[in-house]
Every structure is written in structure tokens, then in C-alpha cells.
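Take a look at the structure below.
Since the model is a prediction, treat every value here as computed from it, not as a measurement.
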Amino acid sequence: MLTADIPPNQAIYIKNINEKINKEELKRSLYCLFSHFGRILDVVALKTPKLRGQAWVVFTEVTAASNAVRQMQNFPFYDKPMLIQYAKSKSDCVSKVEGTFVPREKKMKQEEKVEKKRNAEDNRQSSMANGATAQNGRPAPSFQPSGQDTTMPPNNILFIQNLPVETTSMMLQLLFEQYPGFKEIRMIQAKPGIAFVEFEDDVQSSMAMQALQGFKITPQNPMVVSFAKK
DNA sequence: AGCACA
């Protein structure tokens with residue numbers, strides 16, 4: 001099947017991933033790298049012989065997945081270009097949210113599944129009405145970066161907004177230098193409230209973005225972090 | 001290359 005023939009899916013399938021990266025780190029990196037495209041429901045990576053070097057990132061919206069497929073295609077991730085397609089099937093975490101999840105052992109066909117669900121609802125009324133509790137990674141940030149496109153393609157340079165005017169580059173350095181790959185802070189005297197922070201590469205800048213997104217230097221100033229324009 | 005959810 002041509003990869004272009006796979007219908008859009010809110011989950012993306014990534015292959016050609018460096019197999020040396022340990023599973024937990026890989027999941028964290030993928031989460032960081034993709035979280036700015038939209039809310040992520042789940043990241044799946046297995047190290048079994050059949051499944052190593054591949055991963056799934058499940059978004060709440062297919063539009064987020066579409067942007068990720070396009071913008072992150074061939075992104076150099078741990079030295080290997082990632083190859084991204086839509087996933088071929090619906091993710092379990094999505095079925096769980098929809099309440100149509102059927103455990104793997106006795107997985108049945110679509111029609112039977114619907115039938116089964118009807119019966120269950122009829123029989124025990126509402127006893128399992130919402131057995132599907134959404135278990136998302138973490139809440140979405142409560143602010144919306146204004147005037148800046150949050151789906152900007154990754155960049156090793158971060159753009160910081162909504163800083164208190166009294167922020168100094170030393171203060172920002174203390175915050176950002178905790179993250180690997182930090183290089184430097186750049187502020188522009190004529191433009192208070194913003195800064196640029198440079199990292200070695202896009203993966204590392206993404207990590208710092210994820211970690212410090214919304215960080216408050218003062219209670220009124222949750223910082224808004226995005227990738228700088230190229 | 002390889003499409004899962006332990």
C-alpha cells in the first residue's frame with residue numbers, strides 16, 4: 001500500500017527511529033517533540049524485535065496528526081530521519097475514550113462490537129456508562145500564545161514571550177541552562193518582554209520548551225515558549 | 001522493513 005493511501009488518523013506511526021534509545025527516554029522525547037502540534041493522548045513504543053525502531057503518537061485531533069506528518073517528515077531525530085505516516089488502525093486509548101474499547105484477547109469485528117456494547121448497556125443499564133475515563137498525559141496549558149503560530153516547525157532557537165519587563169538575561173540563563181544543549185540567551189533592549197534562547201539542536205530546545213512552558217517569573221507572567229521563526 | 005496498545 002502506498003503510504004499516501006493510508007487514511008488520516010489521529011495517531012501517527014513513526015519508523016526509522018534510532019533503536020539504541022531506551023524506551024522511556026524515547027517516549028519522553030517524542031512527547032516533547034510533538035506536543036506543540038496539539039494535545040497528546042498517548043505515546044506507544046515497544047522494544048520487541050518486531051516493533052523496535054517504531055512508535056505511535058496519538059493526538060486528540062486528526063488535524064494535529066496531519067500537521068505532524070507534514071512538518072516532522074524526515075526530522076533528524078537521534079541522528080536518523082523520522083519517517084511518519086498515519087497509523088493504520090485506531091488506538092486503544094481512543095477507543096477507551098469513546099467507550100468502545102474491547103480487550104485484545106477476544107477482539108471481535110466492528111459490527112459485533114457495537115452489538116455487544118448495546119447489549120451491555122441494555123442489560124446492566126448504566127453500570128458501565130462511562131468506564132472510559134480520559135487519562136491524558138497532562139492538562140493543556142491554560143493560556144494561548146497570542147500572535148505566534150504554535151505549530152511552527154521545530155527550531156533549535158526558542159522564542160519567549162510574556163516575560164515581565166524587568167527580566168534579565170541572567171535570570172533566563174538560570175532557568176534554561178538546566179536543560180542539556182543550552183547555548184545562550186539573547187534579549188533585545190528595544191523589545192522588552194521577549195527573548196531568544198538558543199540550544200544545540202531542536203530536540204533539546206523542545207525539551208526545554210516543554211519543561212518551561214508557562215513558567216511564571218511573576219504570577220502575572222506565565223512565559224509563552226515557541227520555536228523561533230527560521 | 002517492520003502498524004500496537006501487557
- Query: If you pin A:Trp56 and A:Thr48 to their nearest nucleotides in DNA chain B, which one's is more 5'?
  - Reply: A:Trp56
- Presence of A:Arg104 side-chain N/O under 4.0 Å of B:dC5 phosphate oxygens OP1/OP2: yes
- Could you please name the option among B:dG2, B:dC3, B:dC5 that lies closest to any side-chain atom of A:Arg52? B:dG2
- Item | Flag side-chain contact, heavy atom, 4.5 Å: A:Leu175 against A:Met171 | no
- salt bridge (Lys or Arg N to Asp or Glu O under 4.0 Å) partners of A:Arg186, counting only residues at least two apart: A:Glu184, A:Glu198
- Residue pairs, two or more places apart or on separate chains, that pass ring pair (Phe, Tyr, Trp, His ring centres under 6.0 Å) and touch residues 163-186 of chain A: A:Phe182-A:Phe199
- Task: Identify which nucleotide among B:dC5, B:dA4, B:dG2 has an atom closest to any side-chain atom of A:Asp92, counting heavy atoms from C-beta outward.
- Result: B:dC5
- Qualifying residues under side chain to side chain donor-acceptor pair (under 3.5 Å), relative to A:Ser205, sequence neighbours excluded: none
- Note on the structure: Applying salt bridge (Lys or Arg N to Asp or Glu O under 4.0 Å) to A:Glu61 and not counting sequence neighbours gives none
- Item | A:Leu26 CG - B:dA4 C1' separation (whole Å) | 14 Å
- Item | Residue pairs passing the salt bridge (charged side-chain N to carboxylate O under 4.0 Å, His left out) test where at least one lies in residues 18-30 of chain A, sequence neighbours excluded | none
- Would you say the side chains of A:Asn16 and A:Lys80 form a donor-acceptor pair under 3.5 Å? yes
- Message: Could you tell me how far apart A:Lys47 (NZ) and B:dA4 (P) are, to the nearest whole angstrom?
- Response: 18 Å
- Message: Measure CG/A:Leu46 against P/B:dA1 and give the value in whole Å, please.
- Response: 20 Å
- Task: Return the residues of residues 12-21 of chain A meeting this criterion: a heavy atom under 4.0 Å from some atom of DNA chain B. Order them by number, or give none.
- Result: A:Tyr13, A:Lys15, A:Asn16, A:Glu19
- Between B:dA1 atom P and A:Met82 atom CE, what is the distance in whole Å? 17 Å
- Identify whether any heavy atom of A:Leu51 sits under 4.0 Å from a base atom; if not, whether one sits that close to sugar-phosphate; answer base, sugar-phosphate or nothing. sugar-phosphate
- Message: Rounded to whole Å, how long is the line connecting atom CG of A:Leu83 with atom P of B:dC3?
- Response: 14 Å
- For A:Gln85 and B:dA4, what is the distance between atoms CD and P respectively, to the nearest whole Å? 13 Å
